[in-house]
Amino acid sequence: MFDSAAPVKTADPAEGVATDAAASVDVASLGRQLMGTWADIRAAAREFAGNPQLHRKDGLSLTEQRERTMRQLALLAEHGAVKRAFPKAFGGQGDNGGNITSFEELVSADPSLQIKAGVHWGLFGSAVLQLGTSYHHEKFLPGIIDLTVPGAFAMTEVGHGSDVASIATTATYDPQAHEFVIHTPFRGAWKEFIGNAALHGKAAVVFAQLISQGVNHGVHALYVPIRDDDGEFLPGIGGTDDGLKGGLNGVDNGRLHFDNVRVPRTNLLNKYGDVAEDGSYSSPIASPGRRFFTMLGTLVQGRVSLDGAATAASAIGLTIAITYANQRRQFTAGSDTDEEVLLDYQRHQRRLIPLLATTYAQTFAHDELLVKFDGVFSGAADTDDDRQDLETLAAALKPLSTWHALDALQESREACGGAGFMAENRLVGLRADLDVYVTFEGDNNVLLQLVAKRLLTDYSSKFKKADAGALARYVVVQAADRAYHGTGLRTLAQTVRDFGSTARSVHELRDTDVQRELLTDRVETMIAGIGQRLRPASKLAKADAAALFNSQQNELIEAARAHAELLQWEAFTRALERVEDPGTKTVLSWLHDVFGLGLIEKHLAWYLMHGRISPQRAQAVGAYLDRLIARVRPHAQDLVDAFGYGPEHLRATIASGIEADRQEEAREYYQALRASGTMPVVEKSPKKKK
């Protein structure tokens, strides 16, 4: 194998950057940190995911893929790890964070298996656990845990998508029979894109508008049997198969509809809302709106797990691409005989290393999300504020990580050329399977809008009791473009002279506090501006207020995205502070700056328009990023190796070492040919024989 590392250089001390000679990566210790809070569980889950019986197998028919995934699901049930989040009374451990950690590792085996397992245990099973009470736990959980009763999660309707509150399926209580009547009144109310609905599901948690005594109490969930033991739909239940999809074809997605299907009153999952035999409704939460969001909030683990799985898929894709780029050679740019390693080309570095930096940021942010999730669901930190924070955090991070996965996998595919397009090298298959993650558990733009509304609420609360004078002073400050600014930012907003050094002209931007203020300032300024523009809405008619809000929707989503980027940056910053090995800390600090300065470069137009960065300094950002990326380049292989994915997880021929072997074979061949004196002379060469 060729030694493709760039030569060690010593940085100009005036640049304020640690020397390359001091940089190294302790792969083992960094790998342990990347494993996160539940490192031992993650390691065990990853080892299990290396089992070939769990791996995706290309070339199968749709029917064969589905049956293989169902058999794999049975292996998971036998393995027992699926019990981790369930109560100890049912063989579980009540370990919510460990459960998600274990689950998301399945993406390296087969995303179809991960999602099918997520549908059954993570959605169907979790809904029974979180929305039901002891009666439902004792009656339904055993069959769910051991896979005797494969289940579906019937929430989404073709007519309303992410607008769950407006679904049209009804559950009307019949006090004479003590039963609920489940009904889909028209085609748009059919449950759509439902995993396990087309073939394997025997029961479903069905979300419907609960109606009793002529009153609609909003969306509630009910346990509804849908198939008999022979796989046939029960009376009144129908459905169709979604068929071949763009990815995840091991999951049997389908549609469900209900024609006055009756279930016992006790099948209502009644933790947050119950109907007595006489039809009277009761709930521990008086507000219908708060009750609805509380019920949906208990199912937040889907977004949490997708954030982790998407981050893992990004890490796998970049490990394949960077490993290949460290071995594949092309073009004799700097030698008459030896070709250049792809990763030594600046453009190749620019394509892959910033994506690697983002994946590191997401990895650290995801671990913090897992800790928050576990705190809420274990009861250790389960106040209303904690739950709202968890929902906001999950809604902020899941969009960025799933979008990033598509970007990282696509860029990795292209960076590997035609080899990246071969199914055997995993990249196209992973991207196809991950595509739908951006709309799983809520469309990403809708989720970011939820985040923006929370940010607006927090902003508004600052001025809820402010008098006219305070608001006037705030407007003056905002107009002066100094809202939320610290001294450092005012300095940055000034035009600076050219110091004659790219590094010096952006030296302040490498300071962690300055990056924090710049990223924070962008979020707060955006939210403040939107808040001011939306202030008249409270005095407008409903239609006019809706139109005003709609006029700011794009800005709202951009502000929420900026907030999520800040969250990732902060998580990376905290993780960097915990690194003890000096050499690793040096390399990781460069990668951290690649991420932070990359965000600033990405949004340079905003910073320029708002006077936060001078044109001089803005020009220098990109050039300095190139220098930082070049410093990271010799350590890129160590950084992807630290993710800890072995050949059994990557399963990509081009990342197996075969490319290095081919390159070595070619080099030896030409060396021997030159040494033999029989190598043909290149046409137009001065040495050409006459």
Side-chain angles (χ1 to χ4, degrees), residues 16-19 22-46 95 97-98 100-101 104-105 304 307-308 311-312 314-315 318-319 353-375 378 380-381 389-390 393-394 396-397 400-401 404 510-517 519-520 564-599 628 631-632 635-645:
V17 182
T19 62
S24 61
V25 176
D26 184 334
V27 175
S29 65
L30 179 56
R32 286 192 295 273
Q33 184 174 2
L34 288 169
M35 283 287 195
T37 302
W38 288 266
D40 291 342
I41 290 174
R42 188 178 296 282
R46 190 170 296 178
D95 182 0
I100 297 296
T101 298
E104 63 199 23
E105 285 298 322
V304 175
D307 177 59
T311 300
S314 300
L318 288 165
T319 299
I353 290 177
L355 293 171
L356 178 61
T358 301
T359 304
Y360 262 69
Q362 288 182 183
T363 300
F364 296 130
H366 177 67
D367 189 61
E368 294 188 358
L369 174 60
L370 271 181
V371 171
K372 185 70 175 177
F373 168 78
D374 188 73
S378 69
D389 288 345
L390 171 61
L393 189 58
L397 295 180
L400 266 61
S401 61
H404 172 71
R510 292 199 64 249
D511 182 86
T512 299
D513 290 336
V514 172
Q515 287 185 26
R516 178 181 288 109
E517 289 200 59
L519 296 172
T520 303
E565 291 169 345
L566 172 61
L567 293 175
Q568 291 178 340
W569 180 90
E570 288 176 334
F572 199 158
T573 303
R574 285 188 286 270
L576 181 60
E577 292 169 353
R578 296 193 298 272
V579 177
E580 296 180 356
D581 177 67
T584 303
K585 192 156 195 167
T586 296
V587 176
L588 215 57
S589 69
W590 294 340
L591 196 67
H592 173 267
D593 284 342
V594 169
F595 180 64
L597 293 179
L599 291 176
L628 273 176
R631 292 185 183 282
V632 172
H635 310 283
Q637 191 66 54
D638 285 342
L639 290 168
V640 294
D641 287 348
F643 286 131
Y645 291 104

Query raised in the report: Can you check whether E570 reaches E368 side chain to side chain, under 4.5 Å on heavy atoms?
Result: no

Query - Minimum-distance pair of heavy atoms, taken over all atoms of A564 and L397 - result: O-CD2, 4.2 Å

Requested in this report: Might you point out which heavy atoms bring V594 and A357 nearest each other, and give the distance in Å?
Outcome: CG1-CB, 3.9 Å

Requested in this report: Apply side-chain contact (heavy atoms from CB on, under 4.5 Å) to I100 and E104, showing your working.
Outcome: CA-CA 6 Å; I100 297 296; E104 63 199 23; 3.6 Å; yes

Report summary line: OG (S24) and CG (D581) are apart, to the nearest 0.5 Å, by 5.5 Å

**Report entry** side-chain hydrogen bond (donor to acceptor under 3.5 Å, both in side chains), paired with H404, selected from T359, T311, T358
**Finding:** T359

Report task. Quick one: closest heavy-atom pair of K585 and L576, and the distance? Result -> CE-O, 3.3 Å

Query raised in the report: If you take all heavy atoms of G98 and I41, which pair is closest and at what distance?
Result: O-CG2, 3.5 Å

Query raised in the report: Can V304 and L393 be said to form a side-chain contact (heavy atoms from CB on, under 4.5 Å), step by step?
Result: CA-CA 9 Å; V304 175; L393 189 58; over 6 Å; no

Report task. Please report the C-alpha distance between E105 and Y645 in whole Å, then the side-chain angles of each, then the deciding distance to 0.1 Å, and finally whether the side-chain contact (heavy atoms from CB on, under 4.5 Å) criterion is met. Result -> CA-CA 10 Å; E105 285 298 322; Y645 291 104; 3.9 Å; yes

Query raised in the report: Distance from L390 atom CG to K372 atom NZ, nearest 0.5 Å?
Result: 7.5 Å

Query - Parallel, tilted or perpendicular, as decided by the 30° and 60° cut-offs, for the rings of F364 and Y360 - result: perpendicular

Query raised in the report: Got a second to check how far L591's CG is from L356's CG, nearest 0.5 Å?
Result: 5.5 Å

Report summary line: CD of Q568 to OG1 of T573, rounded to nearest 0.5 Å, is 11.5 Å

Query raised in the report: Will you find, in the side chains of T584 and D26, an N or O donor that is under 3.5 Å from an N or O acceptor?
Result: no

**Report entry** Between CZ on residue F643 and CG on residue L30, distance to nearest 0.5 Å
**Finding:** 8.5 Å

Query raised in the report: With no hydrogens and no angle check, is any side-chain donor or acceptor of Q33 less than 3.5 Å from a backbone partner on V579?
Result: no

Requested in this report: May I ask you to test the Q515-D593 pair for a side-chain heavy-atom distance under 4.5 Å?
Outcome: yes

Query raised in the report: Looking only at heavy atoms, what is the nearest atom pair of W590 and R510, with distance?
Result: CD1-NH2, 4.2 Å

Query - Under the salt bridge (charged side-chain N to carboxylate O under 4.0 Å, His left out) test, residues paired with R32 that sit two or more places apart - result: none

Report task. Starting at CG of D367, measure out to CE of M35 and round the result to the nearest 0.5 Å. Result -> 12.0 Å

Query raised in the report: T512 and W569: side-chain contact (heavy atoms from CB on, under 4.5 Å), yes or no, with the steps?
Result: CA-CA 10 Å; T512 299; W569 180 90; 3.7 Å; yes

Requested in this report: Could I get the full list of side-chain contact (heavy atoms from CB on, under 4.5 Å) partners for T520, not counting sequence neighbours?
Outcome: R516, E524, L566

Query raised in the report: For L599 and E565, which heavy atoms make the closest approach, and how far apart are they?
Result: CD2-CD, 3.7 Å

